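Below, read A as the first sequence line, B as the second, and so on, with proteins coming before strands; counting in each chain starts at 1. Here the structure is a predicted model, which means the values were calculated and not measured.
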2 protein chains.
Amino acid sequence: MEITNDNNPDFFRTQCIVHNLKITPQRILIYNELTGAKNHPTVDNIYRSLHEKYPNISFDTVNRTLLTFYDIGLVDIIESPGSQRRFDPNKENHHHLHCIKCGKIIDFTSSELDALSIPLEVGKHFKVLQKRVVINGICEDCQKKTAGL
Amino acid sequence: MEITNDNNPDFFRTQCIVHNLKITPQRILIYNELTGAKNHPTVDNIYRSLHEKYPNISFDTVNRTLLTFYDIGLVDIIESPGSQRRFDPNKENHHHLHCIKCGKIIDFTSSELDALSIPLEVGKHFKVLQKRVVINGICEDCQKKTAGL
DNA sequence: TTGACAAATAAGAATTATTCCTATATAATA
DNA sequence: TATTATATAGGAATAATTCTTATTTGTCAA
């Protein structure tokens, strides 16, 4: 049976235990904040939201914790033309559109793309945890803006 | 006829002209350095290589120029868990394996993946310039390292 | 070919982002 | 509940990126 995030409220706890991570209040807060977030938040985004409610939490803890989550495959770090890291809870399959003009990153889903098969040769040498299609291009808004030129 | 980089030594010049960019010696150097580079260089990588041969070139020029190239779709900025931006000349189709343990990014090719079709709905709203499959996981070396635990 | 001008550059300063340091606190375990 | 390895807060340090300004240079039109 495959373990998934869905329908498993203890998914986070299980992952911590499996990876020998202590279940701290900070980690729970950060995990919840991230999974509740839209739009691929930066460390600072997560830190600010949490800091409003819990003024004692430190930036370093948020940063370190997010990197730890990445290390154990709990969240994703996404392609980011901006200068800040952006995180993505990888709970559901989705793909990314990247506007090279405004930097926007748009999620989209496609069962067809979800089903794409990884070349056998890759699977032999690399343990695949997650796969995604990343598309670079120009979003609708930016196309309209340049249309006048 | 589709314009491609291959078999067209004036590709770079053409792109500059199309986008109203002046063809400066610095831009030529940076473009050549990037397209000749392996392994997804950072700004600093490119700057250092060039600075050895041309001590007058400035870091800012390298950085600004690479971002300009990205703006016009001439190069790619890739998914990078590290804290530095990493660039990739997008001249040929290829896909990425990302080791979440050591941060390595490995290129691989697959004509099957090159041929994947973008959902119609996406194409309607987004001008697709480039597409790529990004796979997160654990590389062979890192698998061996953890095997002993 | 030259002159005018918009655009690009170098250099370094400023800002922003990330990571490190260390004393204290806390979760997990026996 | 005592122990211990791990995690945290806070701030300092470092690293990465962007901005500012004076100067230079490519391009275009005469």
Counting only heavy atoms not in A:E140, do more than 12 fall under 6.0 Å of its CD?
yes

Taking the side chain from A:R27 and the backbone from A:K22, do they hold a donor-acceptor pair closer than 3.5 Å?
yes

Using a strict 4.0 Å threshold on nitrogen-to-oxygen distance, state whether A:D141 and A:K104 make a salt bridge.
yes

Can a salt bridge be assigned to the pair B:D114 and B:R132 using a cut-off of 4.0 Å between side-chain N and carboxylate O?
no

Without decimals, in angstroms, what is the distance between [X] [atom1] and [N] [atom2]?
X	N	atom1	atom2	result
A:N63	D:dG10	CG	C1'	15 Å
A:R85	D:dT17	CZ	C1'	14 Å
B:F59	C:dA10	CZ	P	13 Å
A:R86	C:dA17	CZ	P	12 Å
A:I23	C:dA27	CD1	C1'	9 Å
A:Y70	C:dT18	OH	P	14 Å
B:I17	D:dG26	CD1	P	14 Å
A:F87	C:dT18	CZ	P	8 Å

Classify every nucleotide of nucleotides 4-9 of chain C by which part a protein heavy atom approaches to under 4.0 Å, writing B for the base, S for the sugar-phosphate alone and - for neither, in 5'-to-3' order.
--BSSB

Are the ring centres of B:Y54 and B:Y47 closer than 6.0 Å?
no

Could you check, using the six-membered ring where one of them is a Trp, whether A:F12 and A:F69 have ring centers closer than 6.0 angstrom?
yes

Students often get this wrong, so: under 4.0 angstrom with heavy atoms, is A:D44 touching a base, only sugar-phosphate, or nothing?
nothing

Name the nucleic acid region contacted by A:L66, choosing base, sugar-phosphate or nothing; use a 4.0 angstrom heavy-atom cut-off, strictly under.
nothing

Answer with yes or no whether the side chains of A:Q26 and A:S58 bring together a donor and an acceptor at under 3.5 Å.
no

Could you say whether B:S83 or B:D60 is positioned toward the 5' end of DNA chain D, judged by the nucleotide with the nearest heavy atom to each?
B:S83

